[in-house]
Amino acid sequence: MRGLTIMVVTADPERFRGALTLACSHAALGARVRVYCHERAVSLLRSDSGPADPPDLFEHGLPDRSALLALAIESGVGIIACQTGLDLCDVAIGDLVPGVEAGGVMGVVATLGEDRLVTI
């Protein structure tokens with residue numbers, strides 16, 4: 001199965017949830033999956049805060065952003081924080097959830113291979 005690289009381009013929590021859900025589903029099928037958080041989307045990877053989840057999610061028993069992100073990492077999804085975004089958001093790599101690596105868009109594009117690229 002072809003791999004999937006998802007580029008998250010805004011700090012929108014609902015779009016990020018969609019990206020993580022898609023990533024986990026694709027990883028469950030055995031494919032390589034990466035999620036690249038571009039510029040301000042890096043704020044979604046903070047371990048201590050970040051944009052809040054919509055409150056109605058919890059009424060339906062859905063996991064919060066942190067739990068969904070942990071599930072993605074446990075499923076083998078590579079999570080990449082934009083190096084420019086780290087600076088832009090004044091965030092250090094140590095402030096992000098464990099398992100996130102720093103990288104640049106050039107590196108992501110250079111290693112696409114046969115992966116599909118989706119922008120959310």
Side-chain angles (χ1 to χ4, degrees):
M1 173 178 275
R2 288 174 58 190
L4 177 65
T5 297
I6 303 169
M7 184 176 291
V8 180
V9 297
T10 68
D12 181 324
E14 290 186 65
R15 287 179 181 262
F16 187 58
R17 287 186 65 80
L20 291 176
T21 302
L22 178 61
C24 288
S25 298
H26 208 69
L29 295 173
R32 174 178 98 134
V33 185
R34 300 179 300 171
V35 175
Y36 175 77
C37 291
H38 185 65
E39 294 186 355
R40 295 198 191 280
V42 167
S43 66
L44 296 163
L45 301 173
R46 292 184 63 102
S47 59
D48 61 348
S49 65
D53 287 310
D56 63 330
L57 294 177
F58 309 112
E59 296 170 12
H60 298 282
L62 297 173
D64 65 13
R65 179 180 44 87
S66 297
L68 193 54
L69 186 53
L71 176 62
I73 292 169
E74 289 171 17
S75 299
V77 175
I79 308 292
I80 306 163
C82 172
Q83 291 170 322
T84 302
L86 289 167
D87 187 49
L88 189 63
C89 296
D90 195 30
V91 176
I93 192 75
D95 296 332
L96 304 180
V97 296
V100 174
E101 61 184 65
V105 72
M106 184 70 85
V108 169
V109 172
T111 58
L112 273 176
E114 295 296 316
D115 285 6
R116 284 174 244 144
L117 177 63
V118 175
T119 304
I120 294 181

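Since this is a predicted model, take the numbers as computed values, not measurements.
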Arg46 versus Ser66: any side-chain heavy-atom pair under 4.5 Å? no
Can you pull out every side chain to side chain donor-acceptor pair (under 3.5 Å) where at least one residue sits in residues 89-105? Sequence neighbours excluded, please. none
Are any non-hydrogen side-chain atoms of Ile6 and Tyr36 less than 4.5 angstrom apart? no
Rest of the hydrophobic cluster containing Met106 (Ile/Leu/Val/Met/Phe/Trp/Tyr, side-chain heavy atoms under 4.5 Å)? none
Quick one: do Val105 and Val100 end up in the same hydrophobic cluster if we chain Ile, Leu, Val, Met, Phe, Trp and Tyr together by side-chain heavy atoms under 4.5 Å apart? no
Hydrophobic cluster membership, Ile79 vs Met7, 4.5 Å side-chain cutoff: no
I'd like to check Leu69 versus Phe16 (side-chain heavy atoms, cut-off strictly below 4.5 Å). Are they in contact? yes
About how many Å separate CG of Leu4 and CG of Leu22, when rounded to the nearest 0.5 Å? 5.5 Å
Same apolar cluster (I L V M F W Y, side chains within < 4.5 Å links), Ile93/Ile73: yes
Please report the shortest heavy-atom distance between Ile80 and Leu45, naming the atom on each side. O-CD1, 4.4 Å
Per-pair distances, 0.1 Å, donor-acceptor, side chain in residues 81-89, under 3.5 Å, sequence neighbours excluded:
none

Could you list all the salt bridge (charged side-chain N to carboxylate O under 4.0 Å, His left out) pairs where at least one residue sits in residues 69-86, not counting sequence neighbours? none
Within-4.5 Å side-chain heavy-atom neighbours: Val9 and Ile120: no
Short side-chain to backbone donor-acceptor contact, Arg15 and Val8, under 3.5 Å: no
Can you pull the side chain to side chain donor-acceptor pair (under 3.5 Å) pairs that have at least one residue in residues 102-120, sequence neighbours excluded? Thr5-Asp115, Arg32-Asp115, Arg34-Thr111
Check residues 23-30 and write down every donor-acceptor pair under 3.5 Å in which the side-chain atom is one partner and the other belongs to a residue at least two apart or another chain.
from	atom 1	to	atom 2	distance (Å)
Ser25	OG	Thr21	O	2.9
His26	NE2	Arg2	O	3.2

